[in-house]
Amino acid sequence: MGFVRNSNMRSTDFLDGMLGDYVGRKAKVKAPKTSSTRLVTALTCLQLAFAVYATFLLYYMSPAVDLRTKPDFTWITRNMKQLITTPHVLGRYQDAALSLVGAEVVPITPSEVCEQEKIDFMQKKSNNARMIKLKRELYDEILDFQSRTIGTETLAELMAMRSKWEMRGPNRPRVTVLLNHFKRKTLCSQLDSLLQQTLPFHHVWVLSFGSPNEQSLKRIVDSYNDSRISFISSSYDFKYYGRFQMALQTEADLVYVLDDDMIPGKKMLQILSHVAGTEKYKNSVLGSIGRILPFRQKDFTFPSYRKFGSKEAGLYLPDPAYDITIDKIVQVDFLSSSWFLSAELVKSLFIETPFTFMTGEDLHLSYQLQKYRNAGSFVLPVDPTDKETWGDSEHRLAYVSETTVIFKDIVQVRDDQWWRALTTGYVTQWAAMYAQKIDALFYAHSVGEVKALTPLLEKFRSTVGKKAYIVVSGDGFCSCEDAAAALNWPKQVCKERRFKIFDLQIGAISGTSNSEVPVLQVVYSSMKGLIKIHNPSVVITLADADSNVKKALKMASETNANDWNRMRISINIITQNRAESLTRLLKSLSDAYYVGDEVPISFNMDSKVDEATIKLVDSFEWPHGPKTLRRRIIQGGLIRAVSESWYPTSDDDYGLLLEDDIEVSPYYYLWIKYALLAYHYDPQISLPELSSISLYTPRLVEVVKERPKWNPTEFFKRIHPNTPYLHQLPCSWGAVFFPKLWREFYVYMNMRFTEDAKANPVQIPKSRTNGWQASWKKFLIDMMYLRGYVSLYPNFPNQSSFSTNHMEPGAHISAKDNVVRHDKTDFEVPLLMEDFRPLLPNAKLPAASKLPSLNLFNQPVSLKGLKMAGAKLGQDVLRCDNATEIVTVHHLTGLPLRCSKIV
């Protein structure tokens, strides 16, 4: 619609009439005006016209608009139509100005502005039979592993799971969809699909960052005329991270971020929302395409994730080229092209500074989510017969205007990125499937710490069969290159994809912060992942390392609960009135090595404890763990003092019982840890007969009347003079007892306890223990004899041991009713004051099958033979029918269950 002026009418007459109609609604015949009045009127109208024109320019040329609802500018057109009601004659400039503000805006429709990508080729398919076989085998291996460990579900099974989100009602989720566009002509296809979703979206934000097609993209958004769809643009290219930065602004429950080559099926929002609302997958990021990162090769290196012809290069899922479709949900190392997650989880992407902002936001998101939120990344299954369940309904779009990931320099950057993630604790599918086992993981926060740890690290690495790696803090503290130089290793170790040095790059999170929180956070989260991947027997750092670093290392070790940290050894001291003896014991305990473990200590005092002992116990400071004091109200005697001094809290709780006249070696704790790891926690070892570990090596055969002297070094010289051995005799002069045995012993002694030795139904042939009275050890000997249990004993030159008995007067020694005279030299043994490992056979504990075993009388008997002897005696709390059965008990309660065949 235009304006036509009468050639006989002057411009000023037209303006006068226009203003008169607008203001006064009067007849168009006006009183004559002066020329100056008419000029002022004309200039005022032109000023108004240009103001409106400027408003339009500011709106449409704005670099960024974030609109939840579109502003209504129809008032301008409405008022201007009211303003211009009668055709008049316009001057040249007046005509141009009014054409800007008075022309009727004709709405555009999607059909007028939409463009479609031209796809004139078929889906790429591989004809390489070998690669098809390799890819399929790897996919089947991954799916089988996940089915056995975390469980996998089909689409139907997922939709049958209970979800917090519903299709309608108050529990319908709000989903904001972010579409990032640059060059592809797919916006209309995406919007059409989203508008037809079975679960309506909350908002769609179309993002254009530095796109040459910004104006055409905006016209498309405008053409849909939907207040829920907004266009957000900027001349600056925020690259791949910009869309996630925008996602932080949404008030929706869930976020769906789509690449411009993804056309989701009409059921995708419903499927994704339902799965995201299930208990199992609520803390996850979901998508339709993902990658499995490389597996380790035979040469112990990792290939590029784009290496062609290699099974170890990983997988792209689904992969139409190799006919791999997803029929069950599968966990991947990172998602590509689409991400569906809670708005809260998006924050995790920005905890650490990305490796680069140029690429790799897909990997960085999955890495950060797992590292800081324990969140997994999953590709959803599809119904192959229903394309509306597909998140990628036209995969060929990926080959139109291909992305930069095919270029060599970008591939190298992404390879460096995923390798950095793996070496800072990212548990990939390879790491989950192939659990590693190393002997030690060292941590050094500075170059000085690297140098201090170097001798021990090199000792590990030079020992056959031992494997150890070192972790360093990274730039600003100690980089990989700095550590390599300190270790005299080539700097190339920091470039190759092979495990040696792990650089945590703490600066990526802490930056210039002076707070200890970022350091603690990144050390903890990274070490937690590394420990889970490599399963070290021990994590080693310097004792004087930064307290926050040690705290983080301790937390990481405990979180992964490896064997080293799973066991808990407590010290339980029985004392009454020997303050000087107790002082000696406490000094020896304080001088021992505890390798950073928390070791609780308890003092168990009878009612007649003296003042000196109470003061000593009260003032004693124990830096390795909590200290507990217990005092009986009624005198219980030694039998109760010992047996009630400890009771296990779990199957990993071990009790070291020490009377106050014992003294220990500085290496006693290392002996206990080493033996437990070797004979109780090694999954390849089965030694259920082992019930305790002795610190002491006896010099006498104490259970026979003659009490002959005995030297295990001489006795076992044909095997090895220093081999440890198994003995049916429990040790009361420094031993750690196993939780299962101690529960069992409690029940047994409760059923058999008597202070009258003659009333005891168990009489072991030719054993001097039959006459022992008021002895907890006598009842333990009986039970071990009847059920075939043994203790592990050390065996070193001159009977050097990890504990010694000073034979000082007490409840038994020098007691009035004890007719046995004790020679101190028969009981006091030297303490081991140096590293004991070189003395062992081949400098290590022998295999369990190589340990010799002795009966109660120091005679060589097999473990089965020990059980047969107990069964033959037949005096246990349950009467078994024949001499081939022994009593078995409930491992948790210690209560006898049944008679079982000896194996």
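Any value given below was found using the heavy atoms of this structure, including those in side chains, with hydrogens, waters and symmetry copies removed.
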Using the six-membered ring wherever Trp is involved, compare the ring planes of [X] and [Y] and label them parallel, tilted or perpendicular (cut-offs 30° and 60°).
{"X": "Y668", "Y": "Y594", "answer": "perpendicular"}
{"X": "W776", "Y": "F737", "answer": "perpendicular"}
{"X": "F502", "Y": "F499", "answer": "perpendicular"}

Among K740, R743, R566, whose side-chain hydrogen bond (donor to acceptor under 3.5 Å, both in side chains) with D651 holds?
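With D651 as partner, side-chain hydrogen bond (donor to acceptor under 3.5 Å, both in side chains) holds for just one option, R743.
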
With D597, which of K673, R568, H624, K554 fulfils side-chain hydrogen bond (donor to acceptor under 3.5 Å, both in side chains)?
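Per the side-chain hydrogen bond (donor to acceptor under 3.5 Å, both in side chains) rule, the option paired with D597 is K673, out of K673, R568, H624, K554.
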
Give the C-alpha distance, both sets of side-chain angles, the deciding distance and a yes or no for side-chain contact (heavy atoms from CB on, under 4.5 Å) between T575 and V609.
CA-CA 8 Å; T575 187; V609 60; 5.6 Å; no

Check whether any side-chain heavy atom of [X] sits under 4.5 Å from a side-chain heavy atom of [Y], and report yes or no.
{"X": "V829", "Y": "N798", "value": "no"}
{"X": "L726", "Y": "S791", "value": "no"}
{"X": "V538", "Y": "V595", "value": "no"}
{"X": "V889", "Y": "R787", "value": "yes"}
{"X": "K627", "Y": "F603", "value": "yes"}

Taking the six-membered ring for Trp and the full ring for Phe, Tyr or His, determine whether the centres of Y674 and W671 are under 6.0 Å apart.
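When the ring centroids of Y674 and W671 are compared, they turn out to be at least 6.0 Å apart.
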
Proximity of F738 and H680 rings by center, below 6.0 Å
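Between F738 and H680, the centre distance is under 6.0 Å.
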
Taking everything shown except [X] itself, do over 12 heavy atoms lie less than 6.0 Å from its [atom1]?
{"X": "E598", "atom1": "CD", "result": "yes"}
{"X": "K528", "atom1": "NZ", "result": "yes"}
{"X": "Y647", "atom1": "OH", "result": "yes"}
{"X": "E834", "atom1": "CD", "result": "no"}

Quick one: which of V472, N548, L504, V549 gives a side chain to side chain contact (heavy atoms under 4.5 Å, CB included) with H445?
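Output: one option passes, namely V549.
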
As a test of understanding, state which of I685, L863, L792 forms a side chain to side chain contact (heavy atoms under 4.5 Å, CB included) with L690.
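That would be L792; it is the only one of I685, L863, L792 passing the side chain to side chain contact (heavy atoms under 4.5 Å, CB included) with L690.
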
Could you verify whether a donor N or O on one side chain and an acceptor N or O on the other, from [X] and [Y], lie under 3.5 Å apart?
{"X": "T713", "Y": "N795", "answer": "yes"}
{"X": "T424", "Y": "Y367", "answer": "yes"}
{"X": "H727", "Y": "Y725", "answer": "no"}
{"X": "D591", "Y": "S588", "answer": "no"}
{"X": "K850", "Y": "T723", "answer": "no"}
{"X": "D610", "Y": "T613", "answer": "yes"}
{"X": "S570", "Y": "N572", "answer": "yes"}

Answer yes or no: is there a donor N or O on one side and an acceptor on the other, between the side chain of [X] and the main chain of [Y], under 3.5 Å?
{"X": "D653", "Y": "T649", "result": "yes"}
{"X": "R640", "Y": "G636", "result": "yes"}
{"X": "Y426", "Y": "R420", "result": "no"}
{"X": "S803", "Y": "W733", "result": "yes"}
{"X": "S801", "Y": "T804", "result": "no"}
{"X": "H534", "Y": "P536", "result": "no"}
{"X": "Q436", "Y": "Y434", "result": "yes"}
{"X": "T463", "Y": "K466", "result": "no"}
{"X": "N535", "Y": "I533", "result": "no"}

Walk me through whether F836 and F802 qualify under ring pair (Phe, Tyr, Trp, His ring centres under 6.0 Å).
CA-CA 10 Å; F836 60 90; F802 299 102; 5.1 Å; yes

Worked check of side-chain contact (heavy atoms from CB on, under 4.5 Å) between S645 and L657:
CA-CA 8 Å; S645 65; L657 307 188; 3.5 Å; yes

Between [X] and [Y] (salt bridge meaning N to carboxylate O under 4.0 Å), is one present in this structure?
{"X": "K371", "Y": "E352", "result": "yes"}
{"X": "D546", "Y": "K550", "result": "no"}
{"X": "K777", "Y": "E702", "result": "yes"}
{"X": "R632", "Y": "E644", "result": "yes"}

Quick check for you: to the nearest 0.5 Å, what is the distance between L851 atom CG and Y793 atom OH?
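Between atom CG of L851 and atom OH of Y793 there are 14.0 Å.
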
In sequence, state the C-alpha distance, the side-chain angles, and the governing distance for Y789 and Q728, and then conclude on side-chain contact (heavy atoms from CB on, under 4.5 Å).
CA-CA 6 Å; Y789 290 130; Q728 204 170 22; over 6 Å; no

Please report the shortest heavy-atom distance between A484 and V493, naming the atom on each side.
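Answer, listing the atom of A484 first, then V493: CB-CG2, 4.1 Å.
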
With E808 as reference, evaluate R584, R578, K824 under the salt bridge (Lys or Arg N to Asp or Glu O under 4.0 Å) test and give the passing residue.
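Going through the options one by one, the only one that passes is R584.
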
Set out, in order, the CA-CA distance, both residues' side-chain angles and the distance that settles side-chain contact (heavy atoms from CB on, under 4.5 Å) for F796 and L840, then state yes or no.
CA-CA 8 Å; F796 295 105; L840 294 171; 3.9 Å; yes

